[in-house]
Number of protein chains: 2
Amino acid sequence: MARLPGYLRALTALASDGTLSVSSEELASAAGVSSAMLRKDLSHLGSYGVRGVGYDVDRLASEIAAALGLTQDWPVAIVGMGNLGRALAAYRGFAERGFRVIALLDRDERVVGEVIAGTRVRSTADLPDLVERDGLAIGVIATPPEGAQEACDTLVDAGVRSVLNFAPVVLTVPDEVVVRTVDLSTELQILAFHGQRLAVAEAVAP
Amino acid sequence: MARLPGYLRALTALASDGTLSVSSEELASAAGVSSAMLRKDLSHLGSYGVRGVGYDVDRLASEIAAALGLTQDWPVAIVGMGNLGRALAAYRGFAERGFRVIALLDRDERVVGEVIAGTRVRSTADLPDLVERDGLAIGVIATPPEGAQEACDTLVDAGVRSVLNFAPVVLTVPDEVVVRTVDLSTELQILAFHGQRLAVAEAVAP
DNA sequence: GTCACTTTGTGCCTGTCTTCACAAAGTCGT
DNA sequence: ACGACTTTGTGAAGACAGGCACAAAGTGAC
Ligand SMILES: NC(=O)c1ccc[n+]([C@@H]2O[C@H](COP(=O)([O-])OP(=O)(O)OC[C@H]3O[C@@H](n4cnc5c(N)ncnc54)[C@H](O)[C@@H]3O)[C@@H](O)[C@H]2O)c1
Ligand SMILES: NC(=O)c1ccc[n+]([C@@H]2O[C@H](COP(=O)([O-])OP(=O)(O)OC[C@H]3O[C@@H](n4cnc5c(N)ncnc54)[C@H](O)[C@@H]3O)[C@@H](O)[C@H]2O)c1
């Protein structure tokens with residue numbers, strides 16, 4: 001169900017355009033998938049479409065949001081306030097989608113206390129408190145690769161069970177913890193692979 | 001073959017530890033996959049392992065790098081010098097993996113001319129020149145969603161055929177152009193989904 | 001009330017990706 | 001030189017995802 005967020009984004013865009021109803025064909029093209037796939041995905045949530053008409057935009061958006069667990073706000077903490085951590089802290093897009101950055105954390109005492117995007121950087125030692133008192137559920141790791149496993153362990157020990165990792169390392173976690181790693185170098189390498197394929201194809205048949 | 005970058009990263013780490021040879025079992029666990037999958041993946045590249053011994057770390061790293069097209073450096077341009085663009089510009093990890101950021105671009109005249117991470121920001125109008133003269137092959141889009149399609153079109157018109165997109169939109173491009181979109185909100189929403197599943201499971205069987 | 005038309009929901013098929021399991025191939029000690 | 005042992009490479013089986021195509025279900029005009 002990794003495509004639901006894409007559908008939700010397309011629906012939100014349609015709703016702000018004032019569109020009330022949408023067919024699977026239209027929504028699929030807006031989300032960049034095939035209409036058959038879209039219908040199959042939505043059918044797993046239940047029957048929210050009307051045959052001959054399509055889907056009610058607001059209704060479907062609510063259903064998808066509910067399925068994703070976005071009826072509540074999710075508290076997020078960012079660990080590692082370097083270049084990337086600062087950019088993430090300043091990003092408004094998270095709040096728009098129901099993710100509240102409630103804490104910025106770092107290990108380095110020279111960074112702790114600094115105010116970034118209106119929030120004071122705290123020590124990673126505060127993590128258990130954040131989970132206990134503020135319901136922190138999601139941790140974002142933006143430390144260098146060397147510190148990532150340690151940061152992850154600290155998060156997991158404090159009770160966080162969802163982690164978004166930007167460090168190019170494979171993190172080891174207990175089964176109940178979910179880690180998603182976003183590795184930009186990997187993305188670029190995949191693009192390089194395609195670039196090379198294009199170059200080779202062109203050399204053969206120019 | 002989206003896993004090759006992961007193998008390469010694991011191999012690089014092993015090489016810098018001084019390891020000369022590695023078994024499929026070890027490498028697979030370092031890369032976070034099963035050993036059967038690793039062997040099957042590697043067998044598509046050719047037979048670079050030695051039965052009873054394993055794989056030569058340096059040799060295999062070279063072969064994978066060659067398969068990915070990483071024997072050459074890939075010139076990269078970043079379009080959109082906001083929070084995220086600046087973080088990317090300052091990131092040293094790209095250069096380490098053979099990606100040279102040769103240009104920082106923005107549409108806003110107040111940003112053009114500014115020096116970020118030692119490079120002067122240029123106008124997007126320079127793009128055709130960068131492709132022609134410097135062999136620019138990969139474009140990174142770090143503009144707000146509204147500007148992303150326009151930025152993408154500019155890149156494609158200039159001749160760029162590999163695009164890494166950080167804006168949460170579906171980009172429309174010709175067939176020969178490859179776009180990879182990294183959407184952090186989507187990642188968080190998937191984590192929220194897991195968080196909710198855990199919460200529900202706990203409510204049922206505490 | 002009926003009929004033509006639109007669009008969903010879904011059974012089935014096809015191709016791909018993953019795992020299993022084992023023969024083939026090589027190493028190393030003796 | 002040989003045999004026990006280790007580890008690769010791969011055929012076969014299984015799981016899964018995606019697409020096709022159509023019946024079912026609803027709308028709306030007359
Ligand atoms: N900067 C980018 O644009 C970019 C792009 C792609 C990937 N990344 C990855 O993101 C990560 C961060 O990159 P960066 O450029 O922001 O790094 P950085 O060196 O600028 O910042 C790292 C910060 O993390 C803190 N830190 C280190 N270990 C810690 C720990 N165990 N607990 C808490 N804080 C800790 C440091 O004190 C520092 O403030 C790296 O893994 C990098 O590979 C960054
Ligand atoms: N900041 C983050 O950490 C973060 C996190 C996740 C996703 N994103 C996404 O990344 C993108 C950039 O975010 P940001 O916070 O850096 O935005 P930003 O508003 O800080 O910066 C955007 C920059 O892009 C430039 N720009 C706009 N349209 C352009 C065009 N057509 N061509 C060239 N330049 C153009 C603007 O002049 C501005 O300098 C957004 O799409 C955002 O959704 C950012």
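Chain naming here is simple, since letters A, B, ... match the order of the sequence lines and numbering starts at 1 in each.
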Peer 1: Establish, with yes or no, whether the OP1 or OP2 oxygen of C/dT7 is under 4.0 angstrom from a side-chain nitrogen or oxygen of A/Ser23.
Peer 2: no
Peer 1: Please tell me if A/Arg39 has a side-chain N or O lying less than 4.0 Å from either OP1 or OP2 of D/dG18.
Peer 2: no
Peer 1: What is the distance, rounded to the nearest whole Å, between atom CG of A/Leu38 and atom P of C/dT8?
Peer 2: 8 Å
Peer 1: Please report the distance, rounded to the nearest Å, between CG in A/Leu60 and P in C/dT7.
Peer 2: 16 Å
Peer 1: Looking at B/Glu176 and B/Arg161, would you say the former's side chain and the latter's main chain have a donor-acceptor pair under 3.5 Å?
Peer 2: no
Peer 1: Choosing from D/dG9, C/dG26, C/dC20, which nucleotide comes nearest the side chain of B/Ala36?
Peer 2: C/dC20
Peer 1: Is there, by distance only and without an angle test, a donor paired with an acceptor across the side chain of A/Arg51 and the base of C/dT7 below 3.5 Å?
Peer 2: no
Peer 1: A/Leu45 has an atom CG; how far is it from atom P of C/dG9, in whole Å?
Peer 2: 10 Å
Peer 1: Tell me: CG of B/Leu20 to C1' of C/dT27, nearest whole Å?
Peer 2: 17 Å
Peer 1: Between D/dG9, D/dG26, D/dG18, spot the one nearest the side chain of A/Met37, thanks.
Peer 2: D/dG18
Peer 1: Considering only side-chain heavy atoms of B/Tyr55, which listed nucleotide, D/dG9, C/dG26, C/dG9, is closest?
Peer 2: D/dG9
Peer 1: Has the side chain of B/Thr19 got a donor or acceptor atom that lies under 3.5 Å from a matching backbone atom of B/Ser21?
Peer 2: no
Peer 1: Examine distances only and state if a side-chain atom of A/Gln196 and a backbone atom of B/Ala67 form a donor-acceptor pair shorter than 3.5 Å.
Peer 2: yes
Peer 1: Shortest non-hydrogen contact from A/Met81 to A/Leu104?
Peer 2: CE-CD2, 3.7 Å
Peer 1: Quick one: A/Glu26 CD to C/dT6 C1', roughly how many Å, whole number?
Peer 2: 12 Å
Peer 1: Using modelled atom types only, decide if a donor and an acceptor are shared between the side chain of A/Arg100 and the backbone of A/Ala95 within a distance under 3.5 Å.
Peer 2: no
Peer 1: Assign each of A/Tyr48 and A/Gly52 to its nearest nucleotide of DNA chain C by heavy atoms, then name whichever residue's nucleotide is nearer the 5' end.
Peer 2: A/Gly52
Peer 1: To the nearest Å, give me how far apart CZ (B/Arg3) and C1' (C/dT19) are.
Peer 2: 12 Å
Peer 1: Taking atom types as they are modelled, is there a donor-acceptor pair under 3.5 Å from the base of D/dG18 to the side chain of A/Lys40?
Peer 2: no
Peer 1: So, OP1 or OP2 of C/dT7: does either fall under 4.0 Å of a side-chain N or O from A/Ser24?
Peer 2: no
Peer 1: Write down the distance between CD (B/Glu25) and C1' (D/dT8), rounded to a whole number of angstrom.
Peer 2: 12 Å
Peer 1: I need the CG-C1' distance between B/Leu42 and D/dG9, as an integer number of Å.
Peer 2: 11 Å
